[in-house]
Novice: 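Attaching a single structure in structure tokens format; questions to follow.
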Amino acid sequence: MKLSLSDFERRNFLVLTFAGIINAIGVTIFLAPVKLYDTGISGTSMLLGQLTPSTFSLSMFLLILNIPLFLYGLKRQGPVFTIYAIYTVVIYSIFAWLIEDVLPINVSIASPLAGTDLLLCSLFGGLITGTASGFSLRFGGAMDGIEVLAVIFSKQLGISVGAFVMVYNVILYTICGFCLQSWILPLYSIVTYMAAIKAIDFIIEGFDRAKCAIIVTDQADDICDTLSKEFQTGMTRLAARGGYSGEDKTMIYFILNRFQITTMKNIIRKIDPKAYIVISEVADVFPMNQA
């Protein structure tokens, strides 16, 4: 039976390939040469690579530690996620091996781009690896097996997925400090972790998150007509009643961006100065195709 990939699946594999490559660049070009540590299994692999003989490479530890965790989470995450995640880690491992052992790039004692500047290495290493993780998560995969363990065990432990990953990284960096008999590199690795978190948020949520405006008013017709003409978009109207006054009101639910907030407020204040406005952030907006 011949297996074929849809355009959607081909796009995902293409992006995951890109994510694996840039993650390998971030780790081997910026972090590993100055002995800074990535997060999760990647950071654990870097530490083990430093503590063991040179025959045990970073890429080998990445495969040995990550793939069993992804397979362990197969039932919880599903086969598609597991395939995507293993594929991403394999790409990451292959290119880490190529950069360290095959290509004519000296990454043994310093970063080829940032030298031994720990701040530059930690910031750029974190931004690059965080970008890679963001793309892998956004397109259905994962760069690290700790994310799988976090999903499985966080509820049992009564903590969030983010808290589980953070606790693991704190333990990892503490072990690194004791093994190295120095806390400078583990502390800079925390800078790497924070830069990576920001990059992940940027890739997954976007630079400008959508805003949700809830408007409670007596003059819904005029407000809806004016906002629709101004922003060329629709909105949802819901019947409401004042909890104190008992008067009938209309609640307008409206999605906009942060550049439109001031214009929206000015329009509403001109039409109904007594209108009640609530604005909050929205993580994702999925417009449905109309038949």
Novice: Would you compute the distance between atom CZ of R138 and atom CD1 of I200 and round it to the nearest 0.5 angstrom?
Specialist: 13.5 Å
Novice: Going by the angle between their ring planes, with limits at 30° and 60°, are F30 and F124 parallel, tilted or perpendicular?
Specialist: parallel
Novice: Can a donor-acceptor pair be found between the side chains of T39 and Y168 at a distance below 3.5 Å?
Specialist: no
Novice: More than 12 heavy atoms of other residues, nucleotides or ligands under 6.0 Å from CZ of F231: yes or no?
Specialist: yes
Novice: Determine, for R237 against D221, whether the closest basic-nitrogen to carboxylate-oxygen distance falls under 4.0 angstrom.
Specialist: yes
Novice: Locate the shortest heavy-atom distance separating A142 from T88; write the atom from each residue and the value.
Specialist: O-CB, 3.8 Å
Novice: Quick one: do L74 and Y87 end up in the same hydrophobic cluster if we chain Ile, Leu, Val, Met, Phe, Trp and Tyr together by side-chain heavy atoms under 4.5 Å apart?
Specialist: no
Novice: Enumerate, atom names and distances included, each donor-acceptor pair closer than 3.5 Å involving a side-chain atom of residues 106-115, sequence neighbours excluded.
Specialist:
unit_1, atom_1, unit_2, atom_2, d
N106, OD1, S108, N, 3.2
N106, OD1, S108, OG, 2.7
S111, OG, I29, O, 2.7
S111, OG, L113, N, 3.2
S111, OG, A114, N, 3.1

Novice: Please report the interatomic distance NZ(K35) to SG(C121), rounded to the nearest 0.5 Å.
Specialist: 12.0 Å
Novice: To check you understand the geometry: which heavy-atom pair defines the closest contact between V34 and L185, and what is its length?
Specialist: O-CD2, 3.5 Å
Novice: Quick one: pull up CZ in F61 and CD1 in I41 and give me the separation to the nearest 0.5 Å.
Specialist: 12.0 Å
Novice: Can you confirm if the aromatic rings of Y173 and Y37 lie within a centre distance of less than 6.0 Å?
Specialist: no
Novice: Identify which one of N23, I21, I86, L16 satisfies the side-chain contact (heavy atoms from CB on, under 4.5 Å) criterion when paired with I91.
Specialist: I21
Novice: Just wondering, are more than 12 heavy atoms of other shown residues or ligands nearer than 6.0 Å to NZ in K249?
Specialist: yes
Novice: Working to the nearest 0.5 angstrom, can you tell me the gap between T236 OG1 and F254 CZ?
Specialist: 11.0 Å
Novice: Check S122 against V191 and note the closest heavy-atom contact, atom names and distance.
Specialist: OG-CG1, 3.7 Å
Novice: Measuring from atom CG of N266 to atom CD1 of I271, what distance do you get when rounded to the nearest 0.5 angstrom?
Specialist: 11.0 Å
Novice: Can you check whether Y188 reaches L119 side chain to side chain, under 4.5 Å on heavy atoms?
Specialist: yes
Novice: Does any donor atom in the side chain of D272 or T217 lie under 3.5 Å from an acceptor atom in the other side chain?
Specialist: yes
Novice: Measuring centre to centre across the rings, with the benzene-like ring taken for any Trp, is Y92 within less than 6.0 Å of W97?
Specialist: no
Novice: Determine, using the 4.5 Å side-chain heavy-atom cutoff (strictly less than), whether L127 and I190 are members of one ILVMFWY cluster.
Specialist: no
Novice: Below 4.5 Å, heavy atoms only, C-beta onward: do L227 and L256 meet side chain to side chain?
Specialist: no
Novice: Indicate, with yes or no, if the rings of F139 and Y84 have centres closer together than 6.0 Å.
Specialist: no
Novice: Does the side chain of L63 reach to within under 4.5 Å of the side chain of V90, using non-hydrogen atoms?
Specialist: yes
Novice: With side-chain contact (heavy atoms from CB on, under 4.5 Å) as the test, pick out the partner of S42 among D144, V89, I146.
Specialist: D144
Novice: For the residue pair S93 and L62, what are the closest heavy atoms and their distance?
Specialist: OG-CB, 3.4 Å
Novice: In Å, rounded to the nearest 0.5 Å, how long is the span from CG of L36 to SG of C176?
Specialist: 10.0 Å
Novice: Please report the shortest heavy-atom distance between A213 and M264, naming the atom on each side.
Specialist: CB-SD, 3.6 Å
Novice: Where do M143 and S133 come nearest, in terms of heavy atoms and distance?
Specialist: CB-OG, 3.8 Å
Novice: Got more than 12 heavy atoms from elsewhere within 6.0 Å of CD1, I184?
Specialist: no
Novice: Flag the pair R241 and E247 as a salt bridge only when some basic side-chain nitrogen lies within less than 4.0 angstrom of an acidic carboxylate oxygen.
Specialist: no
Novice: According to a hydrophobic-cluster definition based on side-chain heavy atoms being under 4.5 Å apart (Ile, Leu, Val, Met, Phe, Trp, Tyr only), do L14 and I22 belong together?
Specialist: no
